[in-house]
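Note sheet for the following structure.
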Amino acid sequence: MTLPLLISVPHAGLWVPPEAEPYCSLRPHEILEDGDVGAAEIFWPLEPHVAAFITTDVARAIVDLNRAEDDRRKDGIVKTHTCWDVPVYRRPLPETVATSLIERYHRPYHERLAALAATGVRVGLDCHTMAAKGPPVGPDPGRERPAVCLGNADGTCPDEWVEALARCFERAFEAPATVNDPFAGGHIVRSHAAELPWIQVELSRGPFLSNGEKATRTLAALRDWWEAIS
């Protein structure tokens, strides 16, 4: 059965676009660590099982698709520092380059999300992995995180839906799932909720399961959840 879901995976990419490459000082492992490690292995296998799927090759450290265009903090849309507080650029990025990055990579992703929302999908899931403990730039530095965190930003989908999904993840993962703690949902779920109900999904990178097993259990949780709410 194809689930009538739209899966978004915005932080699995590792590519540094050519506009930013002359300025970027990050080493490959620093680009990887700022993104959603394991997201490709966990969420890309879901594509054949859902109605719509979108991802990107662009590294989160260069353009964060889950930030608003006016978010110019150091961990904002075009970052100056990674979530581990490592400088991204060897010298300040020119504003013309930052603008180009937003226009070429951020806006098209969001335009595609809006277009996919009109194709008959029923719910959007913005899928991420999270560090097992909160990094320095984050809402919970040093804090141990749950296996699964779901966010509906207090209104991007009905509370009963996100609570039902949390129960399904707890059964599938045999581990705790929280709602809106430590993440309530970022720019993607908030900015597209008028088009479609959205939930942000965050899975811990902790080694309690392999990424392949996390993928299998995520699909099981989504199937159980859709059966329960449809």
Side-chain angles (χ1 to χ4, degrees), residues 7-44 54-95 97-110 113 126-149 151 182-191 200-207 211 214:
I7 298 286
S8 162
V9 187
H11 291 160
L14 299 173
W15 179 57
V16 178
E19 306 96 307
E21 191 171 11
Y23 303 91
C24 183
S25 61
L26 295 177
R27 292 169 290 181
H29 77 273
E30 292 169 329
I31 294 171
L32 175 66
E33 290 167 356
D34 187 68
D36 286 2
V37 178
E41 293 88 347
I42 297 168
F43 299 118
W44 288 2
I54 181 173
T55 189
T56 182
D57 292 333
V58 179
R60 176 185 181 270
I62 306 301
V63 184
D64 193 335
L65 304 175
N66 202 26
R67 297 285 191 268
E69 287 197 18
D70 62 354
D71 185 349
R72 303 306 290 268
R73 296 171 297 164
K74 68 178 185 177
D75 188 40
I77 183 172
V78 178
K79 304 181 187 308
T80 62
H81 292 70
T82 72
C83 65
W84 301 101
D85 213 22
V86 176
V88 175
Y89 297 107
R90 58 178 57 93
R91 59 185 187 275
L93 192 69
E95 185 60 29
V97 175
T99 299
S100 175
L101 292 170
I102 293 168
E103 291 176 346
R104 296 187 66 182
Y105 307 108
H106 186 276
R107 287 180 190 167
Y109 193 89
H110 285 269
L113 285 174
D126 191 45
C127 295
H128 302 261
T129 67
M130 59 182 175
K133 289 186 177 181
V137 179
D140 56 344
R143 179 178 149 196
E144 192 77 30
R145 288 170 167 174
V148 181
C149 170
F183 297 106
H187 177 65
I188 287 175
V189 302
R190 293 172 189 267
S191 63
Q200 182 168 293
V201 178
E202 297 268 2
L203 302 186
S204 171
R205 296 174 207 147
N211 287 337
K214 288 176 184 179

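This is a predicted model, so every value here is computed, not measured.
To the nearest 0.5 Å, the span separating OG1 on Thr82 from NZ on Lys74 amounts to 9.0 Å. Rounded to the nearest 0.5 Å, atoms CH2 (Trp44) and CG (Asn211) are 12.5 Å apart. In this structure, CG on Leu113 lies 8.5 Å from CG on Leu65, to the nearest 0.5 angstrom. Taking CZ of Arg67 as the start and CD1 of Ile77 as the end, the distance is 10.0 Å to the nearest 0.5 Å. Remark: Ile31 CD1 to Leu26 CG distance equals 5.5 Å, nearest 0.5 Å.
Between Pro10 and Cys127 there is no side-chain heavy-atom pair separated by less than 4.5 Å. Between Val58 and Pro17 there is a side-chain heavy-atom pair separated by less than 4.5 Å. At least one side-chain heavy atom of Ser191 sits under 4.5 Å from a side-chain heavy atom of His110. Residues Pro141 and Pro135 have side chains not in contact (no heavy-atom distance under 4.5 Å, counting atoms from C-beta outward).
Between Arg145 and Glu202, no side-chain nitrogen of the basic residue sits less than 4.0 Å from a carboxylate oxygen of the acidic one, so the salt-bridge criterion is not met. Here Asp36 pairs with Arg205 in a salt bridge; the nearest charged N to carboxylate O distance falls below 4.0 Å. The pair Arg73-Asp75 does not meet the salt-bridge criterion, since no charged nitrogen lies less than 4.0 angstrom from a carboxylate oxygen.
What you find for Ile62 and Cys24 is that their closest heavy atoms are CD1-SG, 4.1 Å. Nearest heavy atoms, Leu101 versus Ala20: CD1-CB, 4.3 Å. Of all heavy-atom pairs spanning Pro136 and Cys83, the tightest one is CD-O, 3.6 Å. Across all non-hydrogen atoms, the minimal contact from Pro18 to Trp15 is CD-CZ2, 3.5 Å. Taking all atoms of both residues into account, the shortest heavy-atom contact from Glu19 to Ser100 is OE2-OG, 3.5 Å. The two residues Ala12 and Ala40 come nearest to each other via the heavy atoms CB-N, 4.1 Å.
Using a distance-only test at 3.5 Å, with no hydrogens or angles considered, a donor-acceptor pair links the side chain of Gln200 to the main chain of Gly186. Panel note: side chain Arg90, backbone Pro22; a donor-acceptor pair is recorded below 3.5 Å. No side-chain donor-acceptor contact under 3.5 Å links Thr129 to the backbone of Gly38. Between the side chain of Asn66 and the backbone N or O of His187, at least one donor-acceptor pair lies under 3.5 Å.
Residues that satisfy the salt bridge (charged side-chain N to carboxylate O under 4.0 Å, His left out) test with Lys214, not counting sequence neighbours, are absent from this structure. By the side-chain hydrogen bond (donor to acceptor under 3.5 Å, both in side chains) test, Asp126 is found to be paired with Ser8, His128, residues two or more places apart in sequence or in another chain being considered.
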* **side-chain contact (heavy atoms from CB on, under 4.5 Å) evaluation trace for Ile102 with Arg107** => CA-CA 6 Å; Ile102 293 168; Arg107 287 180 190 167; 4.1 Å; yes

* Decide yes or no on side-chain contact (heavy atoms from CB on, under 4.5 Å) for Ile54 and Val9, but give the supporting numbers first. => CA-CA 6 Å; Ile54 181 173; Val9 187; over 6 Å; no

* Asked: Checking side-chain contact (heavy atoms from CB on, under 4.5 Å) for the pair Leu14/Asp57: CA distance, chi angles, key distance, verdict?
  -> CA-CA 6 Å; Leu14 299 173; Asp57 292 333; over 6 Å; no

* List the steps and the verdict of side-chain contact (heavy atoms from CB on, under 4.5 Å) for Leu203 and Met130. => CA-CA 6 Å; Leu203 302 186; Met130 59 182 175; over 6 Å; no

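Applying the side-chain hydrogen bond (donor to acceptor under 3.5 Å, both in side chains) test to residues at least two apart or on different chains, the pairs with a partner in residues 22-34 are Arg27-Glu30, Asp34-Arg60.
For Asp64 and His106, the side-chain atoms include no donor-acceptor pair closer than 3.5 Å.
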